[in-house]
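These notes are about the structure you will find just below.
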There are 2 protein chains.
Amino acid sequence: MNTESLIRKLKECGLKVTPQRVLVLKAVSALNDHPTAEDIFRKVKQELPTISFGTVYNILDTLVKQRLIERISTMGDKMRYDGISGDHHHLLSSDSDMIEVYYVADLSGLIGTYLNKKKIPGFTVSGFKLNISGEFSKSDKN
Amino acid sequence: MNTESLIRKLKECGLKVTPQRVLVLKAVSALNDHPTAEDIFRKVKQELPTISFGTVYNILDTLVKQRLIERISTMGDKMRYDGISGDHHHLLSSDSDMIEVYYVADLSGLIGTYLNKKKIPGFTVSGFKLNISGEFSKSDKN
DNA sequence: GTCACTGCAAACCCTTTGCAACTCA
DNA sequence: TGAGTTGCAAAGGGTTTGCAGTGAC
């Protein structure tokens, strides 16, 4: 995603546009493998060596609150972030904290239709994510 | 779940049966609301006041490795555990780390059938969990 | 009797916070 | 200019680890 549209996104949320924020947002988008805060920190530091860890955390928090990125839940200990937009679910490795994205429009449709039809008492659904656990075969990346 | 069957489960996994392990396993089963390690610690401490936090963590780790309980992923900062067996998914509150169980055999069947039919290249599915996010209405418990 | 487990406390590590300096609007 | 943001460093809090003592088998 280009810098201009990232800046526009920040402005649309009423956030001040700082180099740090643009770079963090760009890094989360670029690192499409659900980076940890540290991954993002290292990536941004390449272009802006003066940035601090605290700032990265602050910015990530702000971006999550504005729903520009997502915090995703994993089995692991660290938080991971997801800048990917659109319908996707996650493949989680059983024996490591490897994650991959699984795009499946029709599966989302299937579940969405089901949840719409079958109301859940006392709960209003706003979204859902399917975590599929299993094992990656060796040939796969990483 | 009664104590005998808990003990049997431990033995089946080749684990030494200690009062601490039995009580932790019992607590996770009894606390059906996805307790944190601290919840479990407090519960067990009622019956065994000498137990320590470290032991609870150690035992939880062991039980997860033996697949007697599950670690579940939440948006929150703390780890939560799930001793519930059987097909169920989770309702996650958007604005707190409240979790509830959602039993739906047919939804699981729906997704399971889909995943069986549509193979994922480079990945062998062993299970899945649907995280449904949204809002609980006030009338609901808590 | 042996070896694994417990209890305790310190270490660890990721994340948050406080505050002075700075900067975008 | 001034409200909001950054950088830094220290604090915080959940989890892990090391080790001596204990207990299950």
Side-chain angles (χ1 to χ4, degrees), chain A residues 3-4 6-25 27-28 34-42 44-45 47-66 68-69 71-81 97, chain B residues 3-4 6-28 34-42 44-66 68-69 71-81 97:
Chain A
T3 308
E4 285 71 38
L6 295 178
I7 291 177
R8 191 166 355 101
K9 280 190 174 184
L10 289 171
K11 281 186 178 162
E12 280 168 6
C13 294
L15 296 175
K16 277 190 183 173
V17 177
T18 66
Q20 291 85 345
R21 279 178 178 168
V22 174
L23 287 170
V24 167
L25 192 49
V28 177
H34 311 287
T36 62
E38 193 185 348
D39 296 332
I40 296 161
F41 173 65
R42 280 209 301 265
V44 173
K45 208 174 174 72
E47 294 193 49
L48 192 87
T50 57
I51 198 168
S52 74
F53 227 113
T55 300
V56 170
Y57 275 108
N58 280 334
I59 292 175
L60 287 171
D61 205 49
T62 306
L63 297 180
V64 168
K65 282 204 183 94
Q66 299 294 337
L68 289 176
I69 63 176
R71 223 191 285 270
I72 62 175
S73 49
T74 75
M75 293 305 160
D77 34 359
K78 302 176 197 169
M79 282 184 181
R80 289 178 174 273
Y81 297 86
D97 53 334
Chain B
T3 308
E4 286 71 38
L6 296 178
I7 292 177
R8 192 167 354 102
K9 279 191 175 185
L10 289 172
K11 281 185 179 164
E12 280 168 6
C13 294
L15 296 175
K16 278 190 181 171
V17 178
T18 66
Q20 291 85 346
R21 281 179 175 167
V22 174
L23 286 170
V24 167
L25 193 49
K26 188 187 277 186
V28 177
H34 310 288
T36 61
E38 194 186 348
D39 296 333
I40 296 161
F41 173 66
R42 280 209 300 266
V44 173
K45 210 174 172 71
Q46 289 173 9
E47 295 192 51
L48 191 86
T50 57
I51 198 168
S52 74
F53 228 122
T55 300
V56 171
Y57 275 108
N58 280 334
I59 292 175
L60 287 171
D61 208 47
T62 305
L63 297 180
V64 168
K65 283 205 183 93
Q66 299 292 338
L68 290 176
I69 63 175
R71 223 192 283 272
I72 62 176
S73 49
T74 74
M75 291 306 157
D77 33 0
K78 302 176 198 167
M79 281 183 183
R80 288 178 174 275
Y81 296 85
D97 53 331

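Below, chain A is the first sequence line, B the second, and so on; all start at residue 1.
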Can you check the [X] [atom1] to [N] [atom2] distance for me, whole Å?
X	N	atom1	atom2	result
Tyr57(A)	dT5(D)	OH	C1'	19 Å
Arg21(B)	dC5(C)	CZ	C1'	6 Å
Leu10(A)	dT23(C)	CG	P	19 Å
Lys45(A)	dT6(D)	NZ	C1'	13 Å
Glu38(A)	dT15(C)	CD	P	9 Å
Gln66(A)	dG4(D)	CD	P	13 Å
Phe53(A)	dA10(D)	CZ	P	17 Å
Leu23(A)	dT5(D)	CG	C1'	15 Å

Are side-chain heavy atoms of [X] and [Y] found at a separation under 4.5 Å?
X	Y	result
Val28(A)	Leu68(A)	no
Thr62(B)	Leu15(B)	yes
Glu12(A)	Arg8(A)	yes
Arg21(B)	Lys16(B)	yes

Can you find a side chain N or O atom of [X] that sits less than 4.0 Å from OP1 or OP2 on [N]?
X	N	answer
Gln20(A)	dC24(C)	no
Ser52(A)	dA9(D)	no
Lys16(B)	dC25(D)	no

query = Between dA24(D), dG7(D), dG7(C), which nucleotide has the shortest distance from any of its atoms to the side chain of Pro19(B)?
reply =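 My answer, after comparing the listed nucleotides, is dA24(D).
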Closest-nucleotide ordering on DNA chain D, the 5'-leading residue of Leu15(B) and Ile59(A) =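 Closest to the 5' end, via its nearest nucleotide, is Ile59(A).
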query = If each of Thr18(B) and Arg71(B) is mapped to the nucleotide of DNA chain D with the nearest heavy atom, which maps nearer the 5' terminus, i.e. the 5' end?
reply =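 Result of the comparison: Arg71(B).
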Exercise: identify the closest heavy-atom pair between Ile51(A) and Val44(A) =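 That closest heavy-atom pairing would be CD1-CG1, 3.6 Å.
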task = For Asp61(A) and Arg71(A), work out which heavy atoms get closest and say how close.
result =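 Shortest heavy-atom separation between Asp61(A) and Arg71(A) comes out as OD1-NH2, 2.9 Å.
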inquiry  = With nearest nucleotide decided by heavy atoms, which residue, Gly14(B) or Met79(A), maps closer to the 5′ end of DNA chain C?
reply    =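 Counting from the 5' end, the first nearest nucleotide belongs to Gly14(B).
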inquiry  = Counting only heavy atoms from other residues, nucleotides and ligands, does the tally under 6.0 Å from NZ of Lys45(A) exceed 12?
reply    =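 Check passes, neighbour count above 12.
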request  = Remember a base hit wins even if backbone is also touched, and classify Asn58(B) as base, sugar-phosphate or nothing at under 4.0 Å, heavy atoms.
outcome  =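 Base contact - Asn58(B) has a heavy atom under 4.0 Å of at least one base atom.
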message = Does Thr50(A) reach a base, just sugar-phosphate, or nothing at all? Heavy atoms under 4.0 Å.
response =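 Answer is sugar-phosphate: Thr50(A) comes under 4.0 Å of backbone atoms only.
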Bending between helix ends of the helix from dG1(C)-dC25(D) to dA25(C)-dT1(D) [5 pairs per end, 10° resolution] =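 The end axes of the helix from dG1(C)-dC25(D) to dA25(C)-dT1(D) are about 40° apart, to the nearest 10°.
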